[in-house]
Every structure is written in structure tokens, then in C-alpha cells.
Q: 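The structure is given below, and queries will be raised subsequently.
Lettering follows sequence order; numbering is per chain, from 1. Predicted model, so just to flag it, every value in this text is computed and none were measured.
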Amino acid sequence: DAKTTQPPSMDCAEGRAANLPCNHSTISGNEYVYWYRQIHSQGPQYIIHGLKNNETNEMASLIITEDRKSSTLILPHATLRDTAVYYCIVRVTGGNDMRFGAGTRLTVKP
Amino acid sequence: DVKVTQSSRYLVKRTGEKVFLECVQDMDHENMFWYRQDPGLGLRLIYFSYDVKMKEKGDIPEGYSVSREKKERFSLILESASTNQTSMYLCASSLATSGSREQYFGPGTRLTVT
């Protein structure tokens with residue numbers, strides 16, 4: 001599975017969009033990009049995933065560059081409850097376990 | 001709404017005790033997983049199961065066993081708990097027929113072995 005690189009921490013003002021970047025320059029054609037988040041002392045929460053196209057759901061949007069070497073998770077209107085560690089994971093289609101790295105600690109401030 | 005539940009949020013056991021951690025999912029998922037999460041080490045896969053009565057070892061199976069008698073239930077067993085098994089234990093499930101196989105996690109069980 002391709003390795004991912006994320007900034008260790010980011011801040012965002014409440015009500016503004018939070019844009020979390022992820023670099024996965026060694027991604028291969030059959031690897032999905034997944035985003036999870038983990039609020040302190042809770043299990044990881046699935047947010048969104050994509051293969052080639054941009055994706056949007058009720059929680060977030062995922063923008064994948066055309067060469068697929070990087071992606072951005074967008075939380076359109078961040079709230080204090082979005083404060084969490086966000087993980088970007090790249091995994092081959094049909095793979096088993098999810099390999100969580102260190103992630104980005106997002107702090108939403110009032 | 002997807003739901004994975006774990007039997008306990010917090011558990012304290014003594015060294016040498018047999019410990020059962022239960023996980024139940026209501027999404028009719030074929031695949032189920034047990035991870036442990038430790039500071040600085042991320043999530044590590046202990047065991048997974050892709051069908052009833054089937055199991056596969058993950059990266060760190062030593063000291064653990066699992067049981068899957070029903071599709072919705074996956075149990076993690078610590079035969080003789082030791083202090084180095086103090087950790088956060090996370091259960092997850094995924095749909096086998098989905099190409100993306102995103103996993104859905106339970107709330108976790110924080111186990112302390114004294």
C-alpha cells in the first residue's frame with residue numbers, strides 16, 4: 001500500500017472551511033484514498049473515500065488531483081465538534097486492514 | 001445507519017485472567033477485524049475474519065485468539081492477560097462485495113491489565 005504524508009497539525013476557525021491535505025505520490029491505479037477521523041478516546045469514524053473522481057457526502061468533500069498523487073479533504077463549515085485527528089489512508093482494492101499513520105490533528109477554534 | 005458495538009467501553013482485569021471482548025455489527029458485513037491502538041504505534045491488526053468460523057492472523061496475533069460463530073459477532077479472547085496487553089481495542093467490519101471495502105469501527109474498549 002502507498003505511503004501517505006500529512007501535516008501533523010492544523011487550526012481552523014469555527015464556521016470556516018477546513019482543508020486537510022494528503023500526499024500519496026506513490027499511489028497505484030488500483031488504490032483507493034480513504035479518510036477517517038478519530039475524536040479523543042473514540043473509535044475511528046469513516047468519512048469518505050474515492051478512487052479517481054472527486055466525491056462529496058453529507059460530511060465532507062474529497063478532491064483528488066488528476067495525477068492522483070495528492071488529495072484534500074474539505075469540511076465546508078467546521079464546528080468545534082470537528083476537532084479530531086484526521087487520517088488519510090491509501091489501500092489497494094480488496095485489501096484487508098486499514099493502515100493508519102499519525103494523521104493531522106485538526107483544532108477548530110471559536 | 002451503520003452500527004458496530006463493543007461490549008464494554010472500559011475494562012480492568014488482573015494479570016492471568018481470561019478476557020473476552022465482544023463485537024457485534026448489524027450491517028450484515030462478511031468481514032470483521034480486531035485492532036489494538038497504542039500511542040505512537042497507530043492501529044495494529046490482531047485478527048480478522050471473512051466468514052463465519054473463518055479467521056486469519058494479522059500482524060500481532062500472539063497472546064490472542066478469536067471466535068466467530070455467527071456472522072454478526074466477532075469475539076477477541078485474551079487467554080491469560082498480561083500487562084503489555086493494556087491498550088485500546090477496536091473492532092471493525094466491512095462489506096466483502098464492495099470494491100472499496102471501507103471499514104466501520106466500534107467505539108473501542110479501553111482495557112487495563114493490572
Q: Count I, L, V, M, F, W, Y as connected when their side-chain heavy atoms are under 4.5 Å apart, and connections chain through other members. Are B:V66 and B:Y35 then in the same cluster?
A: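 The answer is no; the residues belong to distinct hydrophobic clusters.
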Q: How long is the span from the CD1 atom in A:I89 to the CD atom in B:Q103, to the nearest 0.5 Å?
A: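 Those atoms lie 8.5 Å apart.
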Q: Calculate, to the nearest 0.5 Å, the distance between atoms CG and CZ belonging to B:L45 and A:F100 respectively.
A: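 Answer for the CG-CZ pair, B:L45 versus A:F100, is 11.5 Å.
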Q: Taking all non-hydrogen atoms of both residues, which atom of A:Y36 and which atom of B:E102 are closest, and how far apart?
A: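 Nearest pair, atom of A:Y36 first, then B:E102: OH-C, 3.8 Å.
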Q: Counting only non-hydrogen atoms closer than 4.5 Å, does B:Q6 touch chain A with its backbone (N, CA, C, O), its side chain (CB onward), both, or neither?
A: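 For B:Q6, there is no contact with chain A at all, as no heavy atom is under 4.5 Å.
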Q: Within residues 70-80 of chain B, which residues come under 4.5 Å of chain A, heavy atom to heavy atom?
A: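 Listed by number, there are no contacting residues, so the answer is none.
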Q: Which of residues 58-65 of chain B have a heavy atom under 4.5 Å from any heavy atom of chain A?
A: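 Listed by number: B:D59.
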Q: Which pairs with one or both residues in residues 101-110 of chain A pass salt bridge (charged side-chain N to carboxylate O under 4.0 Å, His left out), sequence neighbours excluded?
A: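 Residue pairs with at least one partner in residues 101-110 of chain A: A:D11-A:K109.
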Q: Hey, quick one: are A:L20 and A:I39 part of the same hydrophobic cluster, counting side-chain heavy atoms closer than 4.5 Å, chains of contacts allowed?
A: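 No: no chain of side-chain contacts under 4.5 Å links A:L20 to A:I39.
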Q: Within residues 10-18 of chain B, which positions have a heavy-atom distance to chain A below 4.5 Å?
A: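 When heavy atoms of chain A are the reference, residues 10-18 of chain B contributes no residue within the under-4.5 Å range.
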Q: Test of understanding: clusters of I, L, V, M, F, W, Y form through side-chain heavy atoms closer than 4.5 Å, transitively. Do A:I48 and A:I63 belong to the same one?
A: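 Unlinked, A:I48 and A:I63 end up in two clusters.
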Q: For B:R110 versus A:S41, what's the shortest heavy-atom pair and its separation?
A: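 Answer, listing the atom of B:R110 first, then A:S41: NH2-OG, 4.2 Å.
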Q: Measure distances from A:Q38 to the heavy atoms of chain B and classify the residue's part below 4.5 Å as side chain, backbone, both or neither.
A: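 The side chain, not the backbone.
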Q: Checking heavy atoms, do the side chain of B:R9, its backbone, both or neither come under 4.5 Å from chain A?
A: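 Contact with chain A is through the side chain of B:R9 alone.
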Q: State yes or no: do A:Y86 and A:M59 share one hydrophobic cluster built from I, L, V, M, F, W and Y residues joined by side-chain heavy-atom distances below 4.5 Å, directly or via other members?
A: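 Yes.
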Q: Find out if a path of hydrophobic residues (ILVMFWY) with successive side-chain heavy-atom gaps under 4.5 Å connects B:L43 to B:L111.
A: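 As far as the 4.5 Å side-chain criterion goes, B:L111 and B:L43 are not connected within one cluster.
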Q: Provide the closest heavy-atom pair for B:L90 versus A:G43 in the form atom of the first, atom of the second, distance.
A: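 Residues B:L90 and A:G43, closest heavy atoms: CD2-CA, 3.6 Å.
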Q: Hey, does A:Q42 have a side-chain heavy atom less than 4.5 Å from the side chain of B:F105?
A: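 No, their side chains stay 4.5 Å or more apart.
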